[in-house]
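For reference, the structure is listed below as structure tokens.
Source: prediction; values computed, not measured.
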Amino acid sequence: MSNLTHCKIGEIGKFAGQEVLIRGWLYNKRSSGKIHFLLVRDGSEILQAVMTKDSVPEKTFKAFDLLTQESSLMVSGKVREDKRAPGGYELEINEIEIIQFAKDYPITPKEHGVAFLMENRHLWLRSSRQIAILSIRNEIIFSIRKFFYDKKFVLIDTPILTSAIGETGTTLFETQYFDLGKAYLAQTGQLYVEAACMAFGNVYCFGPTFRAEKSKTRRHLTEFWMVEAEEAFYDNNDNMNLQEELIEYIVSWVLEKCQKELEVIERDTTFLKKVKRPFPRISYEEAVKLLQSKGAKIKFGEDVGGDEETILANSYDKPFCVYNYPKKIKAFYMKPHPEREDLVLNNDMLAPEGYGEIIGGSQRNDDYDSLVARIKEEKLPLEAYEWYLDLRKYGSVPHSGFGLGLERTVTWICGLPHVRESIPFPRMLYRLYP
RNA sequence: UGGGGUGUAGCCAAGCGGUAAGGCAACUGGCUGUUAACCAGUUUAUGCGGAGGUUCGAAUCCUUCCACCCCAGCCA
């Protein structure tokens, strides 16, 4: 058996007429008495394998009775094209070797509640829907890296353990760092990527970030992956152009590479196909007026809340940017608007279909004095930002950057109701297991 | 942290003051083309998230605790 060609089910079509070896797990089985069907999965696809009482030795035929859902096994046989089989190809079984019997696999091919599935996330990953979603995640990650690589952006890995530095407001996870006091899990790599930007020109980081916020909503995780680009000599407008180009690239990549997966999760791709530049852009002030005209209670100076985000996100059929927010609701490092002191040069990008914010970006404050003033205004510890301020002392240039939330992007592209399925092992307020 | 909700067998779920439906899974048998196969049968809760209480009687009403879900704030 082992001297046969091992074949991934996803490539089974190339082996029609040949005898191959499949290694995987039993997804399900059916029988009509003298004919048995095994559904075997191997991570690439599911394959139907058949045997009849006359086609195999009795011992092989009887192996069917022993097999249980998710038992690991090797099956050999001849590949045949057959319209009756799901996937169009079928395996005529010669031999079966059971590697391990699975006893009472908890997730049956029926409906289950979210709580139960999350508790069994380590097994839930094996279901076709979860495999499809995480495969799309894989393609999205790859497309992002390729996008930046092709544009000659340099990948800069930023530290996960940091001293107290970052944005204001958000709560951080802390841990004792030897004798040096407290260390915090990074909530952003931005400040570091700004330093690297002054070394390489265009850079990005892509890693996990942590927020100890007690948010329990469908769009929040305590640990999530973020792509942060930082571009020297880009203004806010150049920054938005780059964001749009990236989003268009990711979506077209997924549409090209993940057709099968999108079908499995039954994603209606109508809106995804419309994700072509240019995207609509609306200033914060216009957005407030638009929202007020639609009956929202938002006032100038207030942040755009979840409900408002949903109203806006339903007003467009493709991603769009809201730019130039009031200074007082945004981070200290954003560059003030040259003509409007109360505004900053920034933008959020919101995904359509009610998904909301996926990107936050801004032109950075590159002026030493006004940045120091802002840090003091926010009552941040100036000493911690000394190295960051150095960047404004030694060859400061206009620069911009943005952060894209990976899980929110996956959730939107897959059309999921909640971010928790967009990451293999979600970390949430009430979830640390498995 | 506020507001709302749920917890009954391995899973899903009915019952809403009178003594625990049903389905799936599992198990047994039947079927040579099944598609979450089908058909027939068998088994599973002195107990309904935990602890108190009211009552002749509690899954059901009350108190309290726990776990989880949804919405809001914060943000990616």
Whole angstrom value for the distance that separates C1' of B/C75 from OH of A/Tyr325:
12 Å
Spacing between A/Glu309 atom CD and B/A76 atom P, to the nearest angstrom
11 Å
Cation over ring face, A/Lys29 and A/Phe64, 6.0 Å, 45°:
yes
Please tell me whether A/Phe425 and A/Trp124 form a close aromatic pair, meaning their ring centres lie under 6.0 Å apart.
no
Considering residues, nucleotides and ligands other than A/Lys78, do more than 12 of their heavy atoms fall under 6.0 Å from its NZ?
no
Round to the nearest Å and state the distance from A/Lys34 atom NZ to B/C31 atom P.
5 Å
Please indicate yes or no: is the ring centre of A/Phe37 less than 5.5 Å from the centre of the six-membered base ring of B/G33, with the two planes inclined by under 30 degrees?
no
Given atom CZ of A/Arg211 and atom P of B/C75, what is their separation to the nearest angstrom?
9 Å
So, A/Asn120 side chain and A/Phe116 main chain: donor-acceptor pair closer than 3.5 Å or not?
yes
A/Phe320 and A/Tyr316 aromatic ring geometry - parallel, tilted or perpendicular at 30°/60° bounds
tilted
What distance, rounded to whole Å, do you find between the two P atoms, one in B/G22 and one in B/G15?
15 Å
Main-chain N/O of A/Asp238 paired to A/Asp235 side chain as donor or acceptor, under 3.5 Å:
yes
Which part of the nucleic acid does A/Glu223 contact within heavy-atom distance under 4.0 Å: base, sugar-phosphate only, or nothing?
nothing
Can A/Gln69 and A/Asp104 be said to form a side-chain hydrogen bond (donor to acceptor under 3.5 Å, both in side chains), step by step?
CA-CA 8 Å; A/Gln69 192 192 351; A/Asp104 297 325; over 6 Å; no
Is there a side-chain hydrogen bond (donor to acceptor under 3.5 Å, both in side chains) between A/Ser370 and A/Asn365? Walk through the geometry before answering.
CA-CA 8 Å; A/Ser370 76; A/Asn365 191 341; 2.9 Å; yes
In whole angstrom, give me the gap between the P atoms of B/G41 and B/C69.
40 Å
Expressed as a whole number of Å, how far does the P atom of B/U6 sit from that of B/A45?
27 Å
Check the surroundings of atom CD in A/Gln259: do more than 12 heavy atoms from other residues, nucleotides or ligands lie under 6.0 Å from it?
no
Value in whole Å for how far the C1' atom of B/C75 lies from CZ of A/Phe173
14 Å
Quickly work out the A/Ile35 CD1 to B/U32 C1' distance and round it to whole Å.
5 Å
Pick base, sugar-phosphate or nothing for A/Asn28, based on heavy-atom distances below 4.0 Å to the nucleic acid.
sugar-phosphate
Along nucleotides 24-30 of chain B, 5' to 3', which nucleotides get a B, which get an S, and which get a -, given that the test is a protein heavy-atom distance under 4.0 Å?
SS-----
Indicate, with a heavy-atom threshold strictly under 4.0 Å, whether A/Arg129 touches base, sugar-phosphate, or nothing.
nothing
Heavy atoms only, 4.0 Å cut-off, all strands: where does A/Ile359 land among base, sugar-phosphate and nothing?
sugar-phosphate
Span that lies between the C1' atom of B/A58 and that of B/U8, in whole angstrom
14 Å
B/C48 to B/U60 separation - C1' atoms, rounded to the nearest Å:
10 Å
Is the ring pair A/Phe206/A/Trp225 parallel, tilted or perpendicular, if the boundaries are 30 and 60 degrees?
perpendicular
Between P on B/C11 and CG on A/Asn120, what's the gap in Å once rounded to a whole number?
9 Å
What does nucleotides 64-73 of chain B look like as a protein-contact string, B for base, S for sugar-phosphate only, - for none, at under 4.0 angstrom between heavy atoms?
----SSBBSB
Check the distance between B/C75's P and A/Asp348's CG and give it to me in whole angstrom.
10 Å
Answer with base, sugar-phosphate or nothing: what part of the nucleic acid does A/Glu90 contact at a heavy-atom distance below 4.0 Å?
base
Shortest side-chain distance from A/Phe116, nucleotide among B/C11, B/A76, B/G33:
B/C11
P gap between B/A67 and B/G57, integer Å
32 Å
Touch class at under 4.0 angstrom, heavy-atom based, for A/Pro86 against every strand present:
base
By nearest nucleotide on RNA chain B, pick out whichever of A/Gly405 and A/Lys29 is the more 5' one.
A/Lys29
Side-chain donor or acceptor of A/Glu309 paired with backbone N/O of A/Glu357 under 3.5 Å
yes
For atom P, what is the distance between B/A21 and B/C65, given to the nearest Å?
33 Å
May I ask you to check whether A/Phe271 and A/Tyr355 place their ring centers less than 6.0 Å from one another?
no
When the P atoms of B/U42 and B/G52 are considered, how many whole Å apart are they?
39 Å
Starting at the 5' end of RNA chain B, write a dot or bracket for each base, bracketing those in Watson-Crick or G-U wobble pairs whose two distances are under 3.5 Å and using | for partners on another strand.
((((((((.[[[..)..(...]]].(((((.......)))))......[[[[[..)....]]]]])))))))....
In sequence, state the C-alpha distance, the side-chain angles, and the governing distance for A/Asp348 and A/Tyr325, and then conclude on side-chain hydrogen bond (donor to acceptor under 3.5 Å, both in side chains).
CA-CA 9 Å; A/Asp348 283 350; A/Tyr325 279 65; 3.2 Å; yes
Does A/Gln130 form a side-chain hydrogen bond (donor to acceptor under 3.5 Å, both in side chains) with A/Arg121? I'd like the steps, not just the answer.
CA-CA 10 Å; A/Gln130 298 308 312; A/Arg121 183 62 176 168; 2.9 Å; yes
